[in-house]
Number of protein chains: 2
Amino acid sequence: MAARTGTKGVPRRDREEQILAAAQEEFARVGYGAASVVTVARAAGISKPLVYSYFGSKEGLYVACVDAAGSIVADEVERSAGLGAVGLERGLLTVAGLTAVLDGRPHLWRVLFDPTVPDGTEAARAAARHTDRLHRLAVEGVGEMLELAGDSDPADRALTTRIWIGMLDTVLRWWAEHPDEPGASVLARVERIAAGLAAGLGAGLAAG
Amino acid sequence: MAARTGTKGVPRRDREEQILAAAQEEFARVGYGAASVVTVARAAGISKPLVYSYFGSKEGLYVACVDAAGSIVADEVERSAGLGAVGLERGLLTVAGLTAVLDGRPHLWRVLFDPTVPDGTEAARAAARHTDRLHRLAVEGVGEMLELAGDSDPADRALTTRIWIGMLDTVLRWWAEHPDEPGASVLARVERIAAGLAAGLGAGLAAG
DNA sequence: AGGGGATGTGACCTCGAGGTAAGTTACCCC
DNA sequence: GGGGTAACTTACCTCGAGGTCACATCCCCT
């Protein structure tokens, strides 16, 4: 076999994928800050220097992880945002897309939105390159809704965008803690909850 | 002065408060995981061993911080939950209480909900003792709303509770990044946004 | 005056994590 | 068969963080 070279002879591409998968699980489990490269290496069945040989540094490893996860997520969200829906429907389409594309691997979201990545580092910038794509789309959708309601305050729009992305974050995090739940089931939950909240908020608005 | 003892002569109680204030700012700024005790000590104008002499360990320091912050927050939320409001009104009363009691110190919230605290540690348990109080109240309020909408699925209720607390977390975090904003102004934003979302969700529900 | 306790610090220890150097094994190809 | 190279590891270095010890300073009280 031409591919089998070296002591264990796993070709570089394959090994890189194994390392990436192990690293994504570890980063999702304990966060970038608390993760250790040697733990990732052991999980991938190899030794630490091979990880450094392939990814350069812990930060480089994270950047590779977040580039993979971020492309999957941002591509899907851009796709579902391009469907032309507005308001609640647009939001639910986004959730539908995310539950579909992250089915079986909801932990990838946690790699993207990892609160343990230190500010100002290259790791944070790499994550921001992807989350900024989501942010732009979210501002768009949220702006439409607030504008309809007569609120054009830019800070309100920024805060509402953060709230919306925070809601996605909460749902995806809950999903990562319940990995047996299929994506379709999570989507159904979100739809039920949205309906319930709409009823409650509508009633509250009428009462106030 | 009877209080001035020792080299610099700051009595223990006063010093403990200074250390606590510095630690809360540091924990809020970079998170428990990334914070270092020596940085806290320097910010408080003293040396590291004094911090250890008064608080025992980094974990003990965090427990003291989170006990102070958690009591302030949980007491207020229990108070506003006891006012008898339901649905959206209850939620807005909670936000009103939080913006009032955290005015000038919104960073205390970040100490309570610090995602960099490692799971399974005493620090995490100390934070959970306070956040559990909030969680119980949130489940209550959220349960009412979902029940009214005909959704009695317990997992739906748990997820919705997390979403609600996540929304509070987002707002309080945004506030901590905009410390010049007075609490009343944050509350006004949330009220405008809630009205906007209610309109949007209501319209989406009618359209779907 | 001087012992005792509170306040406070410099110097040190330990340990784990990021990161590196040098060498080993196995295969390909001439 | 013997160099070249890819794959891989053991052993090491460095550094910062948590944590501790012995000691210094100052005031109160008898």
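Here is how names work: the chains are called A, B, and so on, in the same order as the sequence lines, proteins then strands, and each is numbered from 1. Just so it is clear, the values below take in all heavy atoms, side chains as well, and ignore hydrogens, waters and symmetry mates.
- Heavy-atom distances under 4.0 Å link DNA chain D to no residue of residues 26-39 of chain A.
- The interatomic distance linking A:R42 (CZ) with D:dC8 (P) rounds to 16 Å, in whole Å.
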Residues 79-86 of chain B, side-chain donor-acceptor partners within the protein, below 3.5 Å, at least two apart:
unit_1: B:R79; atom_1: NE; unit_2: B:E76; atom_2: OE1; d: 3.3
unit_1: B:R79; atom_1: NE; unit_2: B:E76; atom_2: OE2; d: 3.4
unit_1: B:R79; atom_1: NH2; unit_2: B:E76; atom_2: OE2; d: 2.9
unit_1: B:S80; atom_1: OG; unit_2: B:E76; atom_2: O; d: 3.1
unit_1: B:S80; atom_1: OG; unit_2: B:V77; atom_2: O; d: 3.3

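- The CZ-P distance, from A:R13 to D:dA6, rounds to 13 Å in whole Å.
- Judged as a side-chain contact (heavy atoms from CB on, under 4.5 Å), and not counting sequence neighbours, the contacts of A:V37 are A:K48, A:V51, A:Y52, A:K58.
- The CD atom of B:E16 sits 14 Å away from the C1' atom of C:dG8 (whole-angstrom rounding).
- Applying the side-chain contact (heavy atoms from CB on, under 4.5 Å) test to A:S57 and every residue at least two apart in sequence or in another chain returns A:E59.
- Sorted by first and then second residue, the pairs that involve residues 60-96 of chain B and meet ring pair (Phe, Tyr, Trp, His ring centres under 6.0 Å), not counting sequence neighbours, are B:F27-B:Y62, B:Y32-B:Y62.
- Remark: A:R110 pairs with no residue by the salt bridge (Lys or Arg N to Asp or Glu O under 4.0 Å) rule, at least two apart or across chains.
- Of the residues in residues 50-70 of chain B, B:Y52, B:S57, B:K58 come within less than 4.0 Å of DNA chain D through at least one heavy atom, sorted by number.
- A search for side-chain contact (heavy atoms from CB on, under 4.5 Å) contacts involving B:D67 returns B:V63, B:H130, not counting sequence neighbours.
- The ring-ring contact (aromatic ring centres under 6.0 Å, His included) search around A:W174 returns A:H178, not counting sequence neighbours.
- A sub-4.0 Å separation between OP1 or OP2 of D:dC8 and a side-chain N or O of A:R12 is absent.
- Take B:D14 and apply the side-chain contact (heavy atoms from CB on, under 4.5 Å) test, not counting sequence neighbours, and it matches B:V10, B:P11.
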Would you tabulate the pairs of protein nitrogen or oxygen atoms and nucleotide nitrogen or oxygen atoms of nucleotides 10-12 of chain D closer than 3.5 angstrom?
none

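- In this view, B:F113 and B:W109 satisfy the ring-ring contact (aromatic ring centres under 6.0 Å, His included) rule, not counting sequence neighbours.
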TODO: May I have the step-by-step check of salt bridge (Lys or Arg N to Asp or Glu O under 4.0 Å) for A:R12 and A:E16, ending in yes or no?
DONE: CA-CA 6 Å; A:R12 177 163 185 158; A:E16 283 176 346; 2.9 Å; yes
